[in-house]
Amino acid sequence: MRLPVESEPASLRAVLWDMDGTLVDTEPYWIVAERELVESFGGTWSHEQAMRLVGQALPTSAGILQEAGVALDKREIIDTLTGQVIEQLGKAVPWRPGARELLAALRDAKVECALVTMSERPMVERILGHLPEGTFSAVVTGDAVRRGKPHPDPYLKGLALLGARLPGLAPSECVAIEDSEPGATAAEAAGLATIVVPNALAIPVHLGAEHWETLAGRTMDDVVDVLAASSGLARQGRA
């Protein structure tokens with residue numbers, strides 16, 4: 001007998017990916033750039049200070065660097081940091097374990113993917129140039145939204161762009177993959193089941209539908225299972 005519609009699990013139609021720390025491990029590049037910039041103005045930059053910037057929107061990070069003594073406006077700070085990270089990416093792209101393999105599996109299964117990052121377009125283009133054309137059918141960068149993570153705006157924009165390709169797309173048919181607290185907060189606020197793969201920092205256990213130690217060895221079926229489990233929890237919460 002056919003199950004009632006409300007009891008059927010949602011099918012996976014799209015996955016929305018964070019970039020820094022999730023797809024590529026650029027956090028060490030950002031930390032080096034931040035430290036060198038602060039020191040150039042006679043200040044010091046601790047590991048604890050650097051961790052405050054992980055996953056934040058770039059204007060927020062620039063404000064924190066100003067507080068640390070960087071006497072530049074926010075735009076100059078963002079351009080300086082981004083330029084240095086791009087230069088380091090020219091030497092090596094530090095892919096996160098399993099990320100490209102999972103991307104390829106999703107692409108082969110015709111699951112649409114979007115990139116939702118707080119990095120700006122020039123840096124994102126450098127990363128995209130190392131992936132097969134069409135890997136991401138939508139890209140949201142930090143300079144394309146007024147409010148960055150932890151606000152849901154970047155993920156809502158990503159959903160809207162994907163919806164142009166997938167008519168009727170609902171958040172309940174999508175999964176986000178994140179590594180930071182601001183990112184996971186943004187994804188959940190947009191209504192997305194979120195897989196958290198911590199990198200630079202531990203993430204509170206209450207954030208995310210599931211926490212994975214790594215993407216290595218993970219398959220599309222694992223992502224589908226997270227969406228199905230999340231849908232079940234959502235239905236129980238409405239009961």
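Computation of the quantities below employed the complete heavy-atom set of this structure, encompassing side-chain atoms and omitting hydrogens, waters and symmetry-equivalent molecules.
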Undergrad: Taking all atoms of both residues into account, what is the closest heavy-atom pair of G208 and V196, and its distance?
TA: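 Heavy-atom minimum between the residues: CA-CG2, 3.8 Å.
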Undergrad: Under the criterion side chain to side chain contact (heavy atoms under 4.5 Å, CB included), I'd like the reasoning laid out for D18 against I177: C-alpha separation, chi angles, the key distance, then a yes or no.
TA: CA-CA 6 Å; D18 171 56; I177 303 178; over 6 Å; no
Undergrad: Run the side chain to side chain contact (heavy atoms under 4.5 Å, CB included) test on L156 and V145 for me, step by step, so that the C-alpha distance in whole Å, both residues' side-chain angles and the decisive distance to 0.1 Å come before the verdict.
TA: CA-CA 10 Å; L156 294 174; V145 292; over 6 Å; no
Undergrad: Ignoring hydrogens and angles, state whether a donor on the side chain of T141 or D143 is under 3.5 Å from an acceptor on the partner side chain.
TA: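 Yes.
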Undergrad: Rounded to the nearest 0.5 Å, what's the gap from CD1 on I127 to OG1 on T135? Could you check?
TA: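 Answer for the CD1-OG1 pair, I127 versus T135, is 12.5 Å.
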Undergrad: Hey, could you give me the CD1/CD distance between I86 and Q84, rounded to the nearest 0.5 Å?
TA: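 That separation rounds to 11.0 Å.
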Undergrad: Please find the pair of heavy atoms, one from A68 and one from V38, that lie closest to each other, and give the distance.
TA: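 Shortest heavy-atom contact: O-CG1, 4.0 Å.
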Undergrad: Do L103 and V93 share a hydrophobic cluster (ILVMFWY, side-chain heavy atoms under 4.5 Å, transitive)?
TA: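 Yes, same cluster.
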Undergrad: Is there a donor-acceptor contact under 3.5 Å from the side chain of E39 to the main chain of E36?
TA: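 Side chain of E39 to backbone of E36, a donor-acceptor pair under 3.5 Å: no, none is there.
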Undergrad: Once you round to the nearest 0.5 Å, how far does OG of S11 lie from CG of L227?
TA: 8.0 Å
Undergrad: Rounded to the nearest 0.5 Å, what separation is found between the CZ atom of R126 and the OG1 atom of T82?
TA: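 Interatomic distance, R126 CZ to T82 OG1, rounded to 0.5 Å: 12.0 Å.
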Undergrad: CG of L65 to CD of E34: how many Å apart, nearest 0.5 Å?
TA: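 Interatomic distance, L65 CG to E34 CD, rounded to 0.5 Å: 5.5 Å.
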Undergrad: Please determine whether side chain to side chain donor-acceptor pair (under 3.5 Å) holds for the pair Y155 and E178, giving the CA-CA distance in whole Å, both sets of side-chain angles, and the decisive distance to 0.1 Å.
TA: CA-CA 11 Å; Y155 278 104; E178 272 285 355; 2.6 Å; yes
Undergrad: So C174 and L159, do their side chains get closer than 4.5 Å, heavy atoms only?
TA: yes
Undergrad: With sequence neighbours excluded, what pairs up with R121 under the side-chain hydrogen bond (donor to acceptor under 3.5 Å, both in side chains) test?
TA: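 Once residues adjacent in sequence are excluded, the partners of R121 under the side-chain hydrogen bond (donor to acceptor under 3.5 Å, both in side chains) criterion are E125.
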Undergrad: Show the numbers, then the answer: is there a salt bridge (charged side-chain N to carboxylate O under 4.0 Å, His left out) between R107 and E133?
TA: CA-CA 11 Å; R107 186 174 65 249; E133 186 174 353; over 6 Å; no
Undergrad: Assigning hydrophobic clusters by single linkage (Ile, Leu, Val, Met, Phe, Trp, Tyr; side-chain heavy-atom cutoff under 4.5 Å), is L169 placed with W17?
TA: no
Undergrad: Drop me the distance from E210's CD to D222's CG, to the nearest 0.5 angstrom.
TA: 8.0 Å
Undergrad: Who are the side-chain hydrogen bond (donor to acceptor under 3.5 Å, both in side chains) partners of T60, not counting sequence neighbours?
TA: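 For T60 there are no side-chain hydrogen bond (donor to acceptor under 3.5 Å, both in side chains) partners, ignoring immediate neighbours.
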Undergrad: Taking all non-hydrogen atoms of both residues into account, name the closest pair between A50 and I31 and its distance.
TA: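 Minimum heavy-atom contact is CB-CG1, 3.8 Å.
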Undergrad: With the side chain counted from C-beta on, respond yes when T22 and N199 share a heavy-atom pair under 4.5 Å apart, and no when they do not.
TA: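 T22 vs N199: side chains apart.
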Undergrad: Looking at every non-hydrogen atom in both residues, tell me the closest pair between P94 and T26 and how far apart they are.
TA: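 What the structure gives for the nearest pair is CG-N, 4.3 Å.
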Undergrad: With a 4.5 Å limit on heavy-atom distance, are the side chains of L12 and M220 in contact?
TA: yes
Undergrad: Answer whether the closest heavy-atom distance between the side chains of V175 and L192 falls below 4.5 Å.
TA: no
Undergrad: Do E181 and P150 have side-chain heavy atoms sitting under 4.5 Å apart?
TA: no
Undergrad: Taking it one step at a time, do L72 and L37 satisfy side chain to side chain contact (heavy atoms under 4.5 Å, CB included)?
TA: CA-CA 10 Å; L72 298 173; L37 181 58; 4.2 Å; yes
Undergrad: For residues M123 and I78: do they belong to one hydrophobic cluster (side chain heavy atoms under 4.5 Å, members Ile, Leu, Val, Met, Phe, Trp, Tyr)?
TA: yes
Undergrad: Can a donor-acceptor pair be found, under 3.5 Å and without considering hydrogens, that links the side chain of E173 to the backbone of A170?
TA: yes
Undergrad: So which atom in A190 and which in P152 form the shortest heavy-atom distance, rounded to 0.1 Å?
TA: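 Result for this residue pair: N-CB, 3.8 Å.
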Undergrad: Is there side-chain contact between L106 and L102, with heavy atoms separated by less than 4.5 Å?
TA: yes
Undergrad: Looking only at non-hydrogen atoms, find the nearest pair between V226 and A209 and report the distance.
TA: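 Between these two residues, the closest heavy atoms are CG1-CB, 3.9 Å.
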Undergrad: With a cut-off of 3.5 Å and sequence neighbours excluded, list every side-chain donor-acceptor pair involving residues 111-118.
TA:
residue	atom	partner	partner atom	Å
E112	OE1	S137	OG	2.6
E112	OE1	R165	NE	3.4
T117	OG1	S119	N	3.0

Undergrad: List the steps and the verdict of salt bridge (charged side-chain N to carboxylate O under 4.0 Å, His left out) for D179 and R96.
TA: CA-CA 11 Å; D179 78 301; R96 293 286 288 150; over 6 Å; no
Undergrad: Tell me whether I203 shares a hydrophobic cluster with W212, the cluster being built from Ile, Leu, Val, Met, Phe, Trp, Tyr side chains joined at under 4.5 Å.
TA: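 No, separate clusters.
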Undergrad: Where do L162 and F136 land on the side chain to side chain contact (heavy atoms under 4.5 Å, CB included) test, with the steps shown first?
TA: CA-CA 10 Å; L162 287 170; F136 293 104; over 6 Å; no
Undergrad: State, yes or no, whether a side-chain contact exists between M19 and V124 at a heavy-atom distance under 4.5 Å.
TA: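 Side chain of M19 against side chain of V124, heavy atoms only: contact under 4.5 Å found.
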Undergrad: Regarding K157 and D153, does a basic nitrogen lie under 4.0 Å from an acidic carboxylate oxygen?
TA: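 Here K157 does not pair with D153 in a salt bridge, since their nearest N and O are not under 4.0 Å apart.
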Undergrad: State plainly whether one hydrophobic cluster holds both V197 and W30, where clusters connect Ile, Leu, Val, Met, Phe, Trp and Tyr through side-chain heavy atoms under 4.5 angstrom apart.
TA: yes
